[in-house]
Amino acid sequence: MFTKQNVIYLAGGCFWGVEAFISRLKGVNNTEVGYANGNDLAPTYEKVCTGKTMHAETVKVTFNPEIISLEEILENFFKIIDPYVKNRQGPDRGTQYRTGIYWQNPNDEKAVIDFLKSKQKSSSKRIMVESHEIYNFYPAEDYHQKYLEKNPQGYCHVDLNLIDNEEFNHLTREEYEITQLSLTEAPFSGKYNNFFEDGIYVDVVDGEVLFSSDDKFDSGCGWPAFTKPISEDVITKNRDFSHGTTRIEVRSAKANSHLGHVFNDGPGGSKRYCINSAALKFIPRDEVEDYLKKRKEK
């Protein structure tokens, strides 16, 4: 059973910073940068930068509306843009840097319009943010995707400190990027890839029990593999259309942590839950009883 997801498109200047900020919001499951609402059927970064294609640098935002509402996303979006200027944000100028909110779901039109009307009522200056249905969206080149995660010192006109991430302070950088930004660790690099001790695997974010060593097998894929979770109730499944493919993403149900993906090529026709090591914490078999008891007491 797939969890409900929604999509909104946000243009707020250079898409590197907008993507990095929005992707950090809890409940945002995936982000993809690209070029929207232009007149070129094969846009490239170089073409768009001329301003002649009329595309806007835009972030496609896929989110879980049960965790974060569209209105909450828009409120956060307004924290990082100047809504009163046209065709520029920060030091960047040109039609590709215009601001906009573009909906894919017709049911979101009213929410977007109402949000902008509310913002306009509280301001004496005219809001210049576009709002209409998405006309077209072309994913940007691979090197633009998650650019600031790949290049931490790269250019960014957005203050990423505006998000409070204290609840994730116990995570390493890799654990945060994988569970919260949906990145993937390099194959064969994870600590649990070639690891088969008896015990359970819990969500590194909140400690929820997710998998058992009884269901772990050596798939040769380069990541820990399980035939099933400890219970279907502890995970959610989402359709993932990133990277030009269609996959089934697996997330933890309570913390909404990105875990990995599930495939249909496990042993004997079973599932293969392909999970990032950095999303998990292992509890040895002889410590499981105490671990569960402490969790119950919390």
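All heavy atoms count here, side chains included; hydrogens, waters and symmetry mates do not.
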### Query
Going by side-chain heavy atoms closer than 4.5 Å, which hydrophobic residues are tied to I134, directly or by a chain of links?
V7, Y9, Y102, F137

### Query
Any idea which heavy atoms bring E130 and H132 closest together, and the distance?
OE1-NE2, 3.9 Å

### Salt-bridge criterion met for K47 and D40 (N-O under 4.0 Å)
yes

#### Entry: From CE (M54) to CZ (R98), nearest 0.5 Å
5.0 Å

## Note on the structure
Closest heavy-atom pair, G27 versus I67, reported as atoms and distance to 0.1 Å, is CA-CG2, 3.5 Å

### Task
Taking all non-hydrogen atoms of both residues into account, name the closest pair between V129 and P83 and its distance.
CG2-CB, 3.8 Å

### Query
Can you tell me if T179 uses its side chain to pair, donor with acceptor, with the backbone of S257 under 3.5 Å?
no

### Message
I need the H258 NE2 to E177 CD distance, nearest 0.5 Å.
### Response
12.0 Å

### Task
Give a yes or no on whether E166 atom CD has more than 12 heavy-atom contacts from other residues, nucleotides or ligands under 6.0 Å away.
no

### Message
Checking the side chain of Y176 only, and the main-chain atoms of F168 only, is there a donor and an acceptor separated by less than 3.5 Å?
### Response
no

### Task
Return yes when atom NZ of K86 has more than 12 non-hydrogen atoms of other residues, nucleotides or ligands closer than 6.0 Å, and no otherwise.
no

### Task
Please report the closest heavy-atom contact between S277 and E185, naming both atoms and the distance.
N-OE2, 2.6 Å

#### Entry: Geometric class of the H261/F263 ring pair [parallel <30°, tilted 30-60°, perpendicular >60°]
tilted

### Task
Answer whether the closest heavy-atom distance between the side chains of N238 and N64 falls below 4.5 Å.
no

### Query
How many angstroms lie between atom CG of N37 and atom OG1 of T53, to the nearest 0.5 angstrom?
10.5 Å

### Task
Using distance alone, with no hydrogens and no angle criterion, decide if D240 and N29 have a side-chain donor and acceptor under 3.5 Å apart.
no

### Query
Can D203 and R251 be said to form a salt bridge (Lys or Arg N to Asp or Glu O under 4.0 Å), step by step?
CA-CA 10 Å; D203 187 338; R251 303 183 78 91; over 6 Å; no

### Task
Using the salt bridge (charged side-chain N to carboxylate O under 4.0 Å, His left out) rule, collect all pairs that involve residues 57-85, keeping only residues at least two apart or in two chains.
E75-K119

### Query
Any donor and acceptor pair, going by atom type alone, linking the side chain of N136 with main-chain N or O of G38 inside 3.5 Å?
yes

### Check: W103 side chain, A111 main-chain N or O, donor-acceptor pair, under 3.5 Å
no

### Task
Please state whether the rings of Y35 and H144 are parallel, tilted or perpendicular, taking 30° and 60° as the class boundaries.
perpendicular

### G207 backbone acceptor or donor facing Y291 side chain under 3.5 Å
yes

### Query
What about L162 and V61, same hydrophobic cluster or not, with Ile/Leu/Val/Met/Phe/Trp/Tyr joined at side-chain heavy-atom distances under 4.5 Å?
yes

### Query
Under 4.5 Å between any side-chain heavy atoms of P187 and W223, yes or no?
yes

### I235 and Y273: CA distance, side-chain angles, deciding distance, side-chain contact (heavy atoms from CB on, under 4.5 Å) verdict
CA-CA 11 Å; I235 63 166; Y273 286 83; 3.7 Å; yes

### Message
Between Q5 and T62, does the side chain to side chain donor-acceptor pair (under 3.5 Å) criterion hold? Intermediate values first, please.
### Response
CA-CA 7 Å; Q5 295 195 96; T62 304; 5.6 Å; no

### Query
When you measure from the side chain of Q120 to the backbone N and O of I127, does any donor-acceptor pair fall under 3.5 Å?
yes

### Query
If you draw a 6.0 Å radius around CG in N194, do more than 12 non-hydrogen atoms from other residues or ligands fall strictly inside?
no

### Query
What are the two closest heavy atoms between V209 and V234, and how far apart are they?
O-CG1, 3.6 Å

### Query
Would you say the side-chain atoms of E32 pair up with the backbone N or O of Q145, donor to acceptor, closer than 3.5 Å?
no

### Task
From the options I80, L74, I81, select the one residue that forms a side-chain contact (heavy atoms from CB on, under 4.5 Å) with F78.
I81

### Query
Does V288 share a hydrophobic cluster with L280, counting links as ILVMFWY side-chain heavy atoms below 4.5 Å and allowing steps through other members?
yes

### Query
Could you state the interatomic distance from CD (E109) to CD1 (I101), rounded to the nearest 0.5 Å?
12.5 Å

### Message
Rounded to the nearest 0.5 Å, what separates atom OG1 in T95 from atom CZ in R88?
### Response
14.5 Å

### Query
Should the heavy atoms of other residues, nucleotides or ligands under 6.0 Å from CG of D142 be counted, would the total exceed 12?
no

### Query
Just wondering, do Y192 and I275 contact through their side chains at under 4.5 Å, heavy atoms?
no

### Summary
Interatomic distance, NZ@K150 vs CG@L148, rounded to 0.5 Å, equals 10.5 Å

### Query
Side chain of N276, backbone of T184: donor and acceptor closer than 3.5 Å?
no

### Query
Where is the tightest heavy-atom contact between I230 and S212, given as atom of each residue plus distance?
CD1-CB, 3.7 Å

### Task
Following the transitive rule for hydrophobic clusters with a side-chain heavy-atom cut-off under 4.5 Å over Ile, Leu, Val, Met, Phe, Trp and Tyr, establish whether L70 and F77 coincide in one cluster.
yes

### Query
Linking I/L/V/M/F/W/Y whenever their side-chain heavy atoms sit closer than 4.5 Å, directly or via other members, would V28 and V205 fall into one cluster?
no

#### Entry: F195 vs Y201 side-chain heavy atoms within contact, under 4.5 Å
yes

#### Entry: Under 3.5 Å donor-acceptor, S270 side chain and G268 backbone
no

### Query
With a 4.5 Å heavy-atom cut-off, do W16 and V158 have their side chains touching?
no

### Query
Would a hydrophobic clustering, with Ile, Leu, Val, Met, Phe, Trp and Tyr connected at side-chain separations under 4.5 Å, put L210 with F282?
yes

### Message
Evaluate N264 against K271 for side chain to side chain donor-acceptor pair (under 3.5 Å), listing each step before the verdict.
### Response
CA-CA 5 Å; N264 294 314; K271 302 287 187 182; 2.7 Å; yes

### Message
Does this structure show an ion pair linking R295 with E208, if we count only N-O contacts that are shorter than 4.0 Å?
### Response
yes

### Query
Hey, are the side chains of R173 and E149 touching, using non-hydrogen atoms and a 4.5 Å cut-off?
yes

### Check: V204 main-chain N/O paired with E175 side-chain donor or acceptor under 3.5 Å
no

### Query
Would D92 and Y155 satisfy side-chain contact (heavy atoms from CB on, under 4.5 Å), going step by step from the backbone distance to the final call?
CA-CA 11 Å; D92 301 312; Y155 164 76; 2.7 Å; yes

### Query
Which of parallel (below 30°), tilted (30 to 60°) and perpendicular (above 60°) describes F226 and F211?
parallel

### Message
Do H55 and Y138 make a side-chain contact, defined as non-hydrogen atoms from C-beta onward lying under 4.5 Å apart?
### Response
yes

### Query
Near E289 CD, under 6.0 Å, is it more than 12 heavy atoms from other residues, nucleotides or ligands?
no

### Message
Under the criterion side chain to side chain donor-acceptor pair (under 3.5 Å), I'd like the reasoning laid out for T31 against K146: C-alpha separation, chi angles, the key distance, then a yes or no.
### Response
CA-CA 8 Å; T31 52; K146 304 289 184 184; 3.1 Å; yes

### Task
Would you indicate whether the side-chain heavy atoms of Q89 and V85 approach each other to under 4.5 Å?
yes

